[in-house]
Every structure is written in C-alpha cells, then in structure tokens.
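The structure appears below as structure tokens.
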Amino acid sequence: MSARMSALDSALHQLDQAVEQLGLDEGMHEMLATPRRSMEVAVPLRRDDGTLKVLKGYRVQHNFSRGPAKGGIRFHPDTDMDEVRALAMWMTWKCALIGIPYGGAKGGVAVDPRLLSRNELERVTRRYASEIMPIIGPEKDIPAPDVGTDEQTMAWMMDTFSAHKGYTVTGVVTGKPVSVGGSEGRGGATSRGVMYAAFSALREAGVDHRGATVAVQGFGKVGGLAAQFLHDAGCLVVAVSDWKGGVYNARGLNPAALLKHLKSGADTVVGFPGTDTITNAELLELDVDILVPAALEGVIHEGNADKVKAFFVVEGANGPTTPDADKVLEGNNVLVVPDVLANSGGVAVSYFEWVQDLQAYFWSEDEVNDRLKALMESAYDQVSTMARERGISLRTAAQTIGVGRVAQAHRTRGLYP
Ligand code: GLU
C-alpha cells in the first residue's frame with residue numbers, strides 16, 4: 001500500500017476487516033461497500049465582481065437501511081466524489097455504532113470558503129441546497145456542518161429548503177443556530193464527545209486525566225473546543241495547530257485565550273505571544289500523552305506513524321489515520337480511539353436536535369450534555385468489550401459493531417423485489 005492511501009481506500013479496507021470479523025458473504029459485502037445514491041451537481045456562482053464560476057457539488061447517501069441518511073456538508077477545495085463516498089460510509093457505521101436511527105451521508109462543494117466573501121458564500125450555499133433539494137428532507141437525508149461550514153451555512157440551507165416548500169422545515173438540517181431550531185449543546189458536541197472518549201480510554205488504562213499532556217492538530221470547530229474542554233477538565237494542552245502551523249508551550253497553553261485571539265480577527269494561532277512555533281508535522285510527533293488529530297483525513301500515515309509518541313490517539317477528525325499507520329501504531333502500543341467512536345458526539349447531538357425539531361419541544365443544555373455523555377460512554381464500553389473479547393483493535397471492534405448492525409437491518413428488511 002502507498003504511503004498516502006486515499007480516504008476511500010482506507011474506508012474500504014476497514015470495511016473488509018469488519019466483514020471478515022462478521023463472516024459476511026460477498027453479496028452483503030458488495031451491498032455495504034456500494035453507496036445507495038450519489039449525486040453530482042453543478043453549482044454556478046456569480047462572483048461579487050460579476051464573473052461566473054461553476055463549482056462542483058456532491059451528496060452521497062451511502063446507506064439508509066436503518067433510517068434517513070445523515071451527515072455533514074464540507075466546503076473544501078480538495079473535496080471530490082471519492083472523498084465524499086468515504087466520509088458517507090463512515091457516517092453509516094458511526095450512526096449504527098452509537099445506536100441512532102440513521103444511515104450515513106456526506107456532501108461537499110469543491111471550493112475554498114476562505115476565498116469567498118460572505119455574500120458569495122451565501123449564494124453558493126443556497127444554490128447547492130436547491131440542487132440537492134430533491135434528495136434531502138427530514139425523513140430522507142439530513143445535512144449538518146462539517147469542515148468549512150458552520151451554523152450560518154445550516155441556517156441558509158434550512159431557509160432555502162423552507163422557501164421552496166412554502167413553510168418552515170427546521171428538521172431538514174442540524175447544527176443550526178439555537179434561534180432557528182438548533183439544539184443547546186450542538187456547537188460543542190463533537191469536542192465534548194472527544195473529551196468523553198479520551199477519558200473513557202484513560203480510565204480503562206488506569207491513567208488519571210488530570211495533568212495528562214495533550215496536543216491537538218486542527219484548532220477549528222472540533223479541535224478548538226476539544227482543547228478548551230480538556231484544559232478546563234485539568235489536562236495540560238501543550239500544543240495546537242491550524243492550516244498555517246502550530247504553537248507549543250511545555251508549561252501549557254490557554255485554549256480560551258487562543259480562541260479569543262482568533263475571534264478577534266487573527267487568521268492563525270501561529271505567533272501567539274508566549275508560544276514557540278512548530279509545524280503540523282512536528283505536532284503529530286510530540287512526546288505527549290494524548291494526541292487529537294482534529295483536521296483532515298490521512299495525516300497519520302505510513303511515513304510518520306512510527307514517529308508518533310503519544311500513548312493515546314483520539315480521532316476528532318474523520319479518517320485521520322490510514323490502515324498502514326494503524327498497524328504501526330498497534331505495534332508500538334499506541335491506543336487509537338477511532339473516529340466513528342471518538343467524534344460521534346456531533347452526530348449524536350444532531351440526532352437530539354432533529355428529535356427536538358420534530359417534537360417542537362426543546363431541552364436544556366444540561367439535559368443534552370447528560371444524554372450525550374451516557375450515549376458515548378455506553379458506545380465506548382461496547383467497543384472496548386468486543387476489542388478485549390476478540391483481541392482486536394478498538395477501530396476494528398467499532399467498525400464491526402456498526403457494520404454488523406447495518407447488515408442485520410438489510411437481512412431483516414429483505415431485498416426488494
Ligand atoms: N460532520 C459531522 C461528522 O462527521 C457531523 C455530522 C452530523 O451531525 O450529521 O460526524
């Protein structure tokens with residue numbers, strides 16, 4: 001295998017492992033590897049200067065055997081159909097693993113949102129939402145934020161869908177602002193879940209999280225708040241990074257101060273007073289207890305896995321570790337808490353948001369956080385029990401549970417016609 005496996009290669013390889021664990025036949029394997037529906041759309045954009053640019057947009061519904069398809073929308077220049085297919089497949093296993101009644105989907109537009117004005121971003125979002133409108137809806141497929149999108153993107157999507165319908169449909173997307181049907185606690189849910197997953201792993205290993213050192217790659221929506229929550233809980237966050245590079249301080253950083261720095265207009269953490277500058281590659285190789293990759297796929301690969309010194313890798317991102325790297329990490333006794341478990345807090349609270357929207361009855365933030373904690377701790381226990389019983393990695397156990405539940409749904413429903 002090459003040093004840089006694609007996300008789709010990784011996802012298919014992981015599926016192979018689960019299929020082997022479950023002893024599924026070739027037909028079922030093919031069924032689970034194949035997305036049920038893939039859509040590619042043109043997204044014409046009128047730039048502020050009057051010129052026209054046609055972007056490519058995607059939405060893949062990998063599976064809906066257990067309920068409507070669910071998953072985020074990514075705005076990133078490198079997004080393509082294969083990446084979206086991989087991310088949609090991971091959503092299917094993630095939803096099944098944590099026991100929420102959804103299949104998996106993912107969408108994206110190949111664009112760098114940082115290069116667009118706010119008005120251009122709104123036009124791209126609304127046009128993309130209109131193009132995929134035939135296949136989304138509260139009972140069909142429910143988008144949410146992902147890399148490069150946020151709660152404002154979701155508000156525009158909800159508004160566009162509602163305008164076409166002629167009435168307000170809050171349940172068509174999740175991750176919305178609380179003022180228009182969003183849930184308390186959704187904004188920090190993925191990050192909070194990363195913390196719960198990390199603490200479950202540490203507890204199991206008999207390690208106290210207080211004073212544990214942490215490095216976070218990707219100081220964005222997931223990594224930024226994960227760093228803050230871990231810091232607030234007593235960990236020592238020594239390094240964080242973003243697209244431009246990273247900052248390091250052996251005595252600990254103050255994530256809240258870094259977040260404030262970004263909020264007040266800085267476009268990177270690099271150069272923050274009282275820190276040393278490091279590269280993203282250096283951050284991954286730091287001698288810390290917990291490493292949280294919270295950016296993009298494939299950052300821990302065959303070429304650098306051997307240099308990872310952390311005891312725990314807790315995957316805030318989707319697919320940050322390639323299968324080649326998994327093998328190396330396992331050989332070096334690095335415990336990887338896999339993406340479908342570690343970052344499932346986001347979609348878990350998306351599910352709570354959708355339930356609240358459908359009932360038009362909203363919960364307190366404490367209620368949301370308590371339910372999230374219970375759900376994540378239960379998922380962790382199931383995964384670690386299977387891993388122990390079968391002598392397999394947490395990743396293969398998590399995938400096996402998720403894939404097994406989807407295969408079971410297919411069997412129970414039967415094949416039409
Ligand atoms: N984009 C997030 C993920 O990868 C959240 C998806 C959702 O809430 O539907 O899990």
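Whatever order the structure lists ligands and atoms in, that order sets their numbers, starting from 1.
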### Task
Please report the shortest heavy-atom distance between Val169 and Pro138, naming the atom on each side.
CG1-CG, 3.5 Å

### Message
Return the closest protein heavy atom for atom 7 (C) of ligand 1 as residue, atom name and distance.
### Response
Ala144 CB, 3.3 Å

#### Entry: Contact partition for Arg186 relative to ligand 1, non-hydrogen atoms under 4.0 Å
side chain

### Task
Find all atoms of ligand 1 within a distance of less than 4.0 Å from any non-hydrogen atom belonging to Gly71, and give their numbers and elements.
9 (O)

### Message
Closer than 4.0 Å to some heavy atom of Lys106 - which atoms of ligand 1 meet that?
### Response
1 (N), 3 (C), 4 (O)

### Message
I need the contact type for Pro143 against ligand 1. Using non-hydrogen atoms and a strict under-4.0 Å cut-off, is it side chain, backbone, both or neither?
### Response
neither

#### Entry: For the student: nearest non-hydrogen atoms of Arg186 and Ala144, plus distance
NH2-CB, 4.4 Å

### Flag for Thr412-Gln408: side-chain donor and acceptor within less than 3.5 Å
yes

### Query
Tell me, which protein residue and heavy-atom name are nearest atom 9 (O) of ligand 1, and how many Å apart are they?
Lys70 NZ, 2.8 Å

### Message
Tell me whether Asn343 has any N or O atom under 3.5 angstrom from an N or O of ligand 1.
### Response
no

### Query
Is there a donor-acceptor pair under 3.5 Å between the side chain of Glu120 and the backbone N or O of Arg46?
no

### Message
Between Glu330 and Arg395, does any side-chain N to carboxylate O distance fall below 4.0 Å?
### Response
no

### Message
Out of all atoms in ligand 1, which are within 4.0 Å of some heavy atom of Ser350? Include the element for each.
### Response
7 (C), 8 (O), 9 (O)

### Message
Does the residue Pro145 have a heavy-atom contact with ligand 1, meaning some pair of atoms that are separated by less than 4.0 Å?
### Response
yes

### Task
Go through the side-chain N and O atoms of Ser6 and Asp9 and say whether any donor and acceptor fall under 3.5 Å apart.
yes

### Under 4.0 Å to a heavy atom of Met91 - the qualifying atoms of ligand 1, by number
3 (C), 4 (O), 6 (C), 10 (O)

### Query
So which bit of Leu87 gets within less than 4.0 Å of ligand 1, heavy atoms only: side chain, backbone, both or neither?
neither

#### Entry: Lys94 touching ligand 1 at heavy-atom level, < 4.0 angstrom
yes

What donor-acceptor contacts under 3.5 angstrom involve side-chain atoms of residues 94-108, with partners at least two apart or in another chain?
| residue | atom | partner | partner atom | Å |
| --- | --- | --- | --- | --- |
| Lys94 | NZ | Asn318 | OD1 | 3.0 |
| Lys94 | NZ | Asn343 | OD1 | 2.7 |
| Lys106 | NZ | Asp146 | OD1 | 3.1 |

### Aromatic ring pairing Phe352/Trp363, orientation class (parallel under 30°, perpendicular over 60°, tilted between)
tilted

